[in-house]
Protein chains: 4
Amino acid sequence: MSPLNKHQLNQIRDERREQIKQAALIRFARHGYLGTKTSMIAAEAGISEGLIFRYFKSKDVLFTTLVQELIEEAKLETENLQYLPGSPFEQIKALTTGMLDESSKYAFMLILRARKTDEIPEEAARILEQHSEDVILERLISIFIQGQEAGEFSPGDPRKLLAWYFSIINCLIMEEVAMEEYGLPNADYLMRFLKT
Amino acid sequence: MSPLNKHQLNQIRDERREQIKQAALIRFARHGYLGTKTSMIAAEAGISEGLIFRYFKSKDVLFTTLVQELIEEAKLETENLQYLPGSPFEQIKALTTGMLDESSKYAFMLILRARKTDEIPEEAARILEQHSEDVILERLISIFIQGQEAGEFSPGDPRKLLAWYFSIINCLIMEEVAMEEYGLPNADYLMRFLKT
Amino acid sequence: MSPLNKHQLNQIRDERREQIKQAALIRFARHGYLGTKTSMIAAEAGISEGLIFRYFKSKDVLFTTLVQELIEEAKLETENLQYLPGSPFEQIKALTTGMLDESSKYAFMLILRARKTDEIPEEAARILEQHSEDVILERLISIFIQGQEAGEFSPGDPRKLLAWYFSIINCLIMEEVAMEEYGLPNADYLMRFLKT
Amino acid sequence: MSPLNKHQLNQIRDERREQIKQAALIRFARHGYLGTKTSMIAAEAGISEGLIFRYFKSKDVLFTTLVQELIEEAKLETENLQYLPGSPFEQIKALTTGMLDESSKYAFMLILRARKTDEIPEEAARILEQHSEDVILERLISIFIQGQEAGEFSPGDPRKLLAWYFSIINCLIMEEVAMEEYGLPNADYLMRFLKT
DNA sequence: TATGAATGAGCGTTCATTCAT
DNA sequence: GATGAATGAACGCTCATTCAT
C-alpha cells in the first residue's frame with residue numbers, strides 16, 4: 001500500500017503545476033520569454049530548477065501551455081459577453097473594466113508582450129495568430145455594429161474602430177509599470193474614443 | 001606613411017559607427033535587446049561580427065548609446081514644440097502627427113519596447129527612467145495646462161491626462177504590426193481623448 | 001510488535017534484491033551502463049525509483065555487484081570443468097555449448113559489453129581486469145595444453161590460442177541481435193578453430 | 001580586403017573539421033555515443049568545447065556524420081573487392097587482412113559499437129540499418145558462393161557462413177583492448193572457419 | 001582597419017540520489 | 001518497507017566577446 005494515496009499525490013501534482021504556472025505567468029509577463037530564465041521561475045515558485053521539468057517538458061512547453069490556457073479563458077469571457085444585459089456601450093464598458101482589472105493584469109501582459117515579439121516558441125506564435133484576432137474579434141464586431149446602429153458608437157468601419165480601441169486598451173495594460181504614478185484610466189475615459 | 005589621412009580615417013570611423021547604429025536600431029526595435037544577437041546586427045550592417053566591438057565596447061554599450069541618443073532627439077523635438085505657433089491643441093496635434101510618422105518608427109519602437117522590459121542594460125534603464133518622465137513630460141505639462149485654461153483640453157490633473165494620452169500614442173506605435181490592416185488612427189481621432 | 005517476523009522480512013529483502021538484480025541485468029545487458037537509467041531498472045522490476053537505493057547504495061554499486069557475482073559464477077563453472085570426464089576437446093566443447101546457451105545470455109552480454117567500455121564504475125573495471133583473464137584463463141590453459149599434447153588442438157602458444165578462441169565465442173554472443181536470422185553457429189563449427 | 005583570403009579560410013575550416021572528426025572518431029570508438037562527452041572530444045582535439053558546435057550543429061550530427069562517412073568508405077572498399085584478381089579465398093583474405101589493419105581500427109570500432117547499442121541518434125541508427133546489411137553483404141555473398149562452387153569454402157547456406165564469419169571478424173576488432181597481449185589472429189587463422 | 005575562428009560563462013535540461021510521507 | 005516528489009551536479013549547447021592574422 002502506498003504511503004500517500006493516489007488522490008493525495010494527484011493533488012500535490014496539481015498544486016505544484018499550478019504553482020509553477022503562476023510563477024511563470026508573473027515572470028514571463030514581466031520579462032518576456034527570452035528574458036525569463038528557468039532559474040527565475042524556480043526562484044519565484046520557491047522550488048528547485050530541475051523540478052520544473054517534471055511538470056513541463058521544457059520552458060517552451062511551459063510558455064505555450066500558459067498562452068494556450070490564457071487565450072482559452074479570454075475566449076470564454078468574450079463569449080459570455082454578448083449574452084449580458086445592457087446596451088452595446090454598457091457591454092463593452094464591462095469588458096473594458098474587466099481587462100483593466102488588477103487580477104487579470106499578468107495574464108494580459110503575458111499575452112500582449114508575446115504578441116509583440118517574434119522571439120517566442122513557434123507553437124505559441126501559431127496559437128496567438130489563430131485565435132486572438134479571428135475568434136474573439138468576430139464576437140465583438142457584432143456588438144460594435146449594434147452600438148453604431150444605436151448611435152452610441154462613432155461611425156465608420158466598425159472593424160477599424162474595434163482594432164483601434166482594443167489596441168489602446170492592450171497597450172495601456174502593458175504600460176502598467178510606467179503608469180504606476182497615475183494608475184490606469186478608467187473605462188469611462190476610454191469610452192470617449194468610441195462615442196460619437 | 002598612411003594611405004589615408006587622419007580626416008579620412010575619422011570619416012570612415014564615423015560612417016561605420018552610424019552604419020552599425022542604424023543596423024542595431026532596426027534589429028533592437030524589432031526583436032528587443034535579448035532577442036537581438038550581435039551576429040544579426042553584423043549581418044544587417046553587412047560587416048563582420050568582430051568589428052562591432054571596435055566601435056562599441058559591448059552590446060550593452062551599443063544599446064545604451066542608442067537609447068541615449070534617441071532620448072536626446074526626442075527631448076530636442078519637445079523643446080522646440082513650445083516655441084511653435086498655434087494653440088496648445090494645435091501644438092500637441094503636431095507632436096502627435098510627428099510621432100505617428102513612418103520615419104521615426106523604429107526609434108519609437110526601440111524606446112517603447114525597452115521601457116516595457118527589465119531585460120535591458122541597467123544604464124539604459126536608468127536613462128529611460130530619468131529623462132522620459134521627468135524632462136520631456138515637464139515641457140509638455142505646461143502646454144497641457146494652457147490647453148485646459150483655454151478650455152481646449154478636458155479638466156482634471158494635467159499630469160494624469162498627459163500620461164494617459166501619451167501612453168495611448170506610444171501603444172499605438174508599438175501595435176504597428178497588428179495594425180497593418182487598418183493603419184494608425186490619425187491625430188484628429190486621438191485628440192478626442194483630450195477634448196472636453 | 002511487528003506483523004512480520006525477522007525471518008519473513010529477510011526473505012522479502014532477499015526477494016526484492018534478487019528482483020532488482022534481475023531487472024538490472026537485463027537492462028544493463030541491453031543498453032550498457034550509461035544507457036541504462038535507474039528509472040528503467042525500476043520500471044523493469046515493477047518498483048518505485050527510490051526503492052533501488054534501499055537495496056543498493058548506488059547505480060554504481062548495483063552494477064559492480066552484478067559484475068562481481070557473474071564473474072564468480074563463471075569462475076565456478078570453469079572450476080568444475082576440469083574435473084569433468086572426457087577429452088580436453090570434449091571439455092571445451094561442453095563449455096562452449098554452455099556459453100552459447102540461451103539461459104545465460106544476458107549474463108554474458110552484460111560482462112562482455114562491460115569489458116568493451118571504459119564507461120563503467122572503476123571498481124567494476126578492476127574486477128573484470130583481475131579475474132577474467134587471470135583466474136579463469138589459468139584454469140582453461142591447462143586443458144588447452146593437454147589438448148595440444150593429445151594432438152587434438154592446433155599447436156602454438158596455448159594462451160594465444162585460448163585468447164583467440166574465447167574472443168570469438170564472446171563476440172558471437174554479443175552479436176546475438178544481428179544473428180537473429182541465422183542463430184549462433186553450434187559448438188562443432190567453432191571447434192574448427194582449435195583443431196589441428 | 002580580407003586579412004585572410006577565402007582559400008586560406010576554407011583550408012582552416014576543412015582542417016578543423018577533420019581534426020574534430022578525428023578526435024570524435026577515437027572517442028566515440030572507445031567510449032560509445034553516450035560515454036563520450038563533448039568536453040572529451042574538445043580535449044582530444046585540443047580545442048574549446050564551444051568550437052565543436054561551429055562545425056557540427058550538435059553531438060548528434062557529429063556522430064551521424066561520422067557514421068555516414070565511415071559506411072560510405074566501407075561500401076567503396078567492398079565494391080572494389082569483387083574486381084580484384086585472385087580466387088574467392090584470396091579476395092576474402094585480402095578484405096579480412098584490411099579489416100584487421102591498425103589504421104582502420106577506430107573506424108570499425110565505432111561502427112560496430114554503434115550497431116550494438118540502441119543509445120545512438122535515430123538517424124545514425126537508420127543509416128546503419130539500411131546500408132550495412134543490405135548493400136555490403138550482398139556484394140560479398142556472390143564471392144562466397146563462388147568460393148563454395150570452387151570447393152574452397154565449406155558448404156551450407158552461404159549467407160549463414162558469411163554472417164558468422166564477419167561477426168567473428170567484427171567482434172575481434174572490438175576486443176582490441178583485451179587482445180593487446182596477443183594481438184589479433186592473422187587472416188590465415190580466421191580463414192579456417194571458411195575452409196572445407 | 002577588418003575578419004571570422006576561437007573562447008568560456010551561462011543557459012536549458014537530464015537523471016542519480018535523497019527524503020518527507 | 002515503499003513511494004515518488006524534490007534536489008543539484010553535470011551535461012549539451014549558445015552567443016557575446018577576444019584575438020591572431
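In what follows, chains carry the letters A, B, and so on, assigned in the order in which the sequence lines appear, proteins first and then strands, with residues in each chain numbered from 1. Side chains are part of it too, since the values below use all heavy atoms of this structure and drop only hydrogens, waters and symmetry mates.
Tyr55(B) comes within 4.0 angstrom of sugar-phosphate atoms only, judged by non-hydrogen atoms across all strands, and of no base.
The shortest distance between the side-chain N/O atoms of Arg13(D) and the OP1/OP2 oxygens of dA5(E) is below 4.0 Å. Contact check, Arg16(D) against dA6(E): a side-chain N or O comes under 4.0 Å of OP1 or OP2.
For Lys37(A), taking side-chain heavy atoms from C-beta onward, the closest of the listed nucleotides dA6(E), dA5(F), dC11(E) is dC11(E). Comparing dA5(F), dA2(F), dT1(E) against the side chain of Arg54(C) picks out dA2(F) as the nearest. Considering only the side chain of Ile12(A), dA6(F) comes nearest among dA6(E), dA6(F), dG4(E). Residue Ile47(D) places its side chain closer to dT7(E) than to any other of dG12(F), dT7(E), dT3(F).
When rounded to the nearest whole Å, the span between CD1 of Ile20(D) and P of dA6(E) equals 8 Å. For the pair Asp14(A) CG and dA5(F) P, the computed distance is 11 Å after rounding to whole Å. Going from atom CZ of Arg17(A) over to atom P of dA5(F) covers 13 Å, rounded to whole Å. Ile52(A) has its CD1 atom 13 Å from the C1' atom of dC11(E), to the nearest Å. Between Leu9(A) atom CG and dT3(F) atom C1' the separation is 8 Å, expressed in whole Å. Note: CD (Gln19(C)) to C1' (dA2(F)) measures 12 Å, nearest angstrom. Residue Ile41(B) contributes atom CD1, which lies 12 Å from atom C1' of dC15(F) at whole-angstrom precision. If you measure from atom CZ of Phe56(C) to atom P of dA16(E), you get 16 Å, rounded to the nearest angstrom.
Counting only N and O atoms by type, the side chains of Glu18(A) and Gln22(A) include no donor and acceptor under 3.5 Å apart. Defined by atom type and a distance below 3.5 Å, a donor-acceptor pair is present between the side-chain atoms of Arg30(C) and Tyr106(C).
Relative to the ring axis of Tyr55(D), Arg13(D) places its NZ or CZ within 45° and under 6.0 Å from the centre. Because its NZ or CZ atom is both nearer than 6.0 Å to the ring centre of Tyr33(A) and within 45° of the ring axis, Lys59(A) counts as a cation-pi partner of that residue.
Between Leu128(B) and Ile120(B), some side-chain heavy-atom pair lies under the 4.5 Å cut-off.
Among all heavy-atom pairs drawn from Ile52(D) and Leu62(D), the shortest one is CG2-CD2, 4.2 Å. The minimum heavy-atom distance linking Gly35(A) with Leu34(B) is given by the pair CA-CD1, 3.2 Å. When all heavy atoms of Leu70(B) and Ala107(B) are compared, the pair lying nearest together is CD2-CB, 3.6 Å.
Each of Ser48(D) and Tyr33(C) lies near DNA chain E, and the nucleotide nearest Ser48(D) is the one positioned closer to the 5' end.
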List, with names and distances, any nitrogen or oxygen atoms from the protein found under 3.5 Å away from nitrogen or oxygen atoms belonging to nucleotides 17-19 of chain F.
{"unit_1": "dT17(F)", "atom_1": "OP2", "unit_2": "Lys59(B)", "atom_2": "N", "d": "2.7"}

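Counting only Watson-Crick or G-U wobble pairs whose defining distances are both under 3.5 Å, the stems of 3 or more consecutive pairs in DNA chain E are E:2-21 with F:2-21.
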Thr38(D) vs Glu49(D), side-chain hydrogen bond (donor to acceptor under 3.5 Å, both in side chains): CA-CA, chis, key distance, verdict: CA-CA 7 Å; Thr38(D) 51; Glu49(D) 222 176 319; 3.0 Å; yes

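Between the side chain of Thr64(B) and the main chain of Glu123(B), no donor-acceptor pair closer than 3.5 Å is present.
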